[in-house]
2 protein chains.
Amino acid sequence: MTRVLVVDDEPAIARALTINLRARGYDVRTAPDGARALAEAASHKPEVVVLDLGLPDMDGREVIAGLRGWTGVPVLVLSGRSDSLDKVEALDAGADDYVTKPFEMDELLARLRELVRRAAPSGAELPVVELESVTVDLAARRVTRDGDDVHLTPTEWHLLEELLRHPGRLQTQARLLAEVWGPGYETAQGNLRLYVGQLRKKLEREPARPRHLLTEPGMGYRFEP
Amino acid sequence: MTRVLVVDDEPAIARALTINLRARGYDVRTAPDGARALAEAASHKPEVVVLDLGLPDMDGREVIAGLRGWTGVPVLVLSGRSDSLDKVEALDAGADDYVTKPFEMDELLARLRELVRRAAPSGAELPVVELESVTVDLAARRVTRDGDDVHLTPTEWHLLEELLRHPGRLQTQARLLAEVWGPGYETAQGNLRLYVGQLRKKLEREPARPRHLLTEPGMGYRFEP
DNA sequence: CAGCGGCGTTAGGAGTCCGTCAGGACGGTC
DNA sequence: GACCGTCCTGACGGACTCCTAACGCCGCTG
C-alpha cells in the first residue's frame, strides 16, 4: 500500500484529498504545517508527498529543502496562485511536479500515479527478485524461502527494498541510514549492522558467508543478484 | 578550428610555435607576458593554453591562478629550467601537463593534442572507464577484471577516482596527497607509493610495467586511458 | 666507483570497522 | 494492566584496513 503524505493547512482540502486517496487504496497521512510535515516524513517515510505551498509556518521551498536533505521522495506541489514564479521556484528547490488550485482531482491522481511509477522504476521492472532458494516480491511485500513464508519487520523491509532497488550498486551507510531511518541517524551504524545481520540470517543460505548482501568495509553494502 | 593561446616572451619560440601550430590547423594567438595573456584568454576563450613559466611580469602560478579563477581550460606548461621545482609548483597551481625546454616539437604537439582531446567532453562525467580487461564503474563503486570482481579499499577508491577524474593529466604528489589524505599529509609520499603500487597490482596486467597508472619521476602520477 | 635521492615492495603492529549476542525501552493489542 | 513484537543500545571477539619502517633497485652525480 503506497504511503502518501498530504501537507495542507486547509482542513477542507486535506479531508477531500484524504477521502479520494484512501478510496484509491493509498495509505494517507496528513500534516497541517511544515514542521509537522517534516517530522511525519521522518517517522513514517512516505513514498510520495503532496505539498501545499501556502503553509502558515514555513515557506514551501524550506519544506522541500528539509526533505531533500535526506531523501529523494517525489514531491507534488499544490499552489494557490496560478502565477508561474513560485512554480519555478518550487521546481528549482527540488519539487517533481506541480498542480494549481483549484485542481481537478482526476488530474492530481494521474500526476501522483505518474510520480510513484517514476520513482520506483526498478520496482516496476523487477517486482520479484529471485535468489537461490528465496523469492522476494516487492509489490506483494512477501518473501518465501523453500516454499515457506518468511516474516520481515517494517524496518527490515525498508532496508531490503533500498538494497534491491539498486542491484549491483554500492549503497553507502550514510545513504542507507538516511533513507531507512531518516535524518539525524547518520551515526547509528550499529543499527545498520544489526539489521543487515538479520536480513542475512533470514535470506542467506550461509549468513556467515553471504553471497547476495555483501559488505564493503569502510564504505557500505551491496546487493548482488 | 582549435584555438590555442601561446604565452612566451621570447619571440623566437613564440614564432616557431605559431608556425608549427598553424601548419597543423590550429588557430593561434600569442601573448608576450602574463597580463596580456589573461586579457587575451578572457576575450578569445582559447581551448588550450601553452604557457612559458619565465615571463617578465608575473610568476607562472599567478597566471594559472588567474585562468583557473573562471575557466578550466587545459594549460600546458613550458619550463626553461630542468630544475623541477617550478614545474611542480605550476602543476600544483592547476596546470595539466609540462614540457621542458629545449623541447621536441613533435612531443609538444602530441601532448597538446591529448589535452585538447580529453578536454573535449568537458563537464561530462564518466561513470564507467574501460581499460584492456578491467572495467571501473565509478557510480556503482565496482571494478571487474576478466569478469571477476576486484575488491578495493576506501583509500584505494579515493586515489583511483582522483586519477581517473583527470585522464591523461599529470597529478602531482602534493595534490594527490591533499585530495586523498587531506591537508597535513603532504609529506607522506611513502604512503602514496604504497597505494599506487596496490592499485597497479590489482588493475595492471603487468604491475612492474604499468600501462595506465604511470609514474612521472620527481613530479607525480598520470592516468593513461 | 661510491654516494645519494626517488621509487617500488614487503612485513608487522596499531587502530578501526564489522558481526553477534544479550538486555531494556517503547508502542500496540487484548 | 499484562503480553507481544519491534526497535534501540552497549559490549565483546574477530576481521579488515591503514600507517610506519625498512630493504632492494635504479638512475644520476661527484
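Lettering of chains follows the sequences in order, A, B, ..., and the numbering in each one begins at 1.
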Considering only side-chain heavy atoms of [X], which listed nucleotide, [options], is closest?
X: A:Arg193; options: C:dC18, C:dT9, C:dC21; answer: C:dC18
X: A:Tyr195; options: D:dT17, D:dC8, D:dC19; answer: D:dC8
X: A:Tyr221; options: C:dC21, C:dG19, D:dT20; answer: C:dG19
X: A:Asn191; options: D:dT6, D:dT9, D:dT17; answer: D:dT9
X: B:Leu194; options: D:dT9, C:dT10, C:dG8; answer: C:dT10
X: A:Pro217; options: C:dC7, C:dT10, D:dC16; answer: D:dC16

Exercise for the section: Please report the C-alpha distance between B:Asn20 and B:Leu108 in whole Å, then the side-chain angles of each, then the deciding distance to 0.1 Å, and finally whether the side-chain contact (heavy atoms from CB on, under 4.5 Å) criterion is met. Expected result: CA-CA 10 Å; B:Asn20 272 283; B:Leu108 185 140; over 6 Å; no

Looking at [N], I'd like to know if its phosphate oxygens (OP1 or OP2) sit under 4.0 Å from a side-chain N or O belonging to [X].
X: A:His151; N: D:dT6; value: yes
X: A:Gln173; N: C:dC18; value: yes
X: A:Thr153; N: D:dG5; value: no
X: B:Thr215; N: C:dG8; value: yes
X: B:Trp181; N: D:dC19; value: yes

How long is the line joining [atom1] of [X] and [atom2] of [N], in whole Å?
X: A:Glu216; N: C:dG19; atom1: CD; atom2: C1'; answer: 16 Å
X: A:Glu204; N: C:dT20; atom1: CD; atom2: P; answer: 11 Å
X: B:Lys201; N: D:dT17; atom1: NZ; atom2: C1'; answer: 15 Å
X: B:Leu199; N: D:dT17; atom1: CG; atom2: P; answer: 13 Å
X: A:Leu213; N: C:dT20; atom1: CG; atom2: C1'; answer: 16 Å
X: A:His158; N: D:dC8; atom1: NE2; atom2: P; answer: 13 Å
X: B:Met219; N: C:dG6; atom1: CE; atom2: C1'; answer: 12 Å
X: A:Leu192; N: C:dC17; atom1: CG; atom2: P; answer: 14 Å

Exercise for the section: For B:Arg141 and A:Glu216, run salt bridge (Lys or Arg N to Asp or Glu O under 4.0 Å): C-alpha distance rounded to whole Å, both residues' side-chain angles, the deciding distance at 0.1 Å, then the answer. Expected result: CA-CA 10 Å; B:Arg141 273 277 193 295; A:Glu216 298 278 349; over 6 Å; no

Practice task
Please work out if A:Glu156 contacts a base, only the sugar-phosphate, or nothing of the nucleic acid, heavy-atom cut-off 4.0 Å.
Solution key: nothing

Practice task
Answer yes or no: does atom CZ of B:Arg68 have more than 12 heavy-atom neighbours from other residues, nucleotides or ligands under 6.0 Å?
Solution key: yes

Practice task
Flag yes if more than 12 heavy atoms outside A:Arg142 fall under 6.0 Å of its CZ atom; otherwise flag no.
Solution key: no

Completion exercise
Partner of A:Arg211 under salt bridge (charged side-chain N to carboxylate O under 4.0 Å, His left out), picked from A:Glu204, A:Glu206, A:Glu224, A:Glu132, is A:Glu132

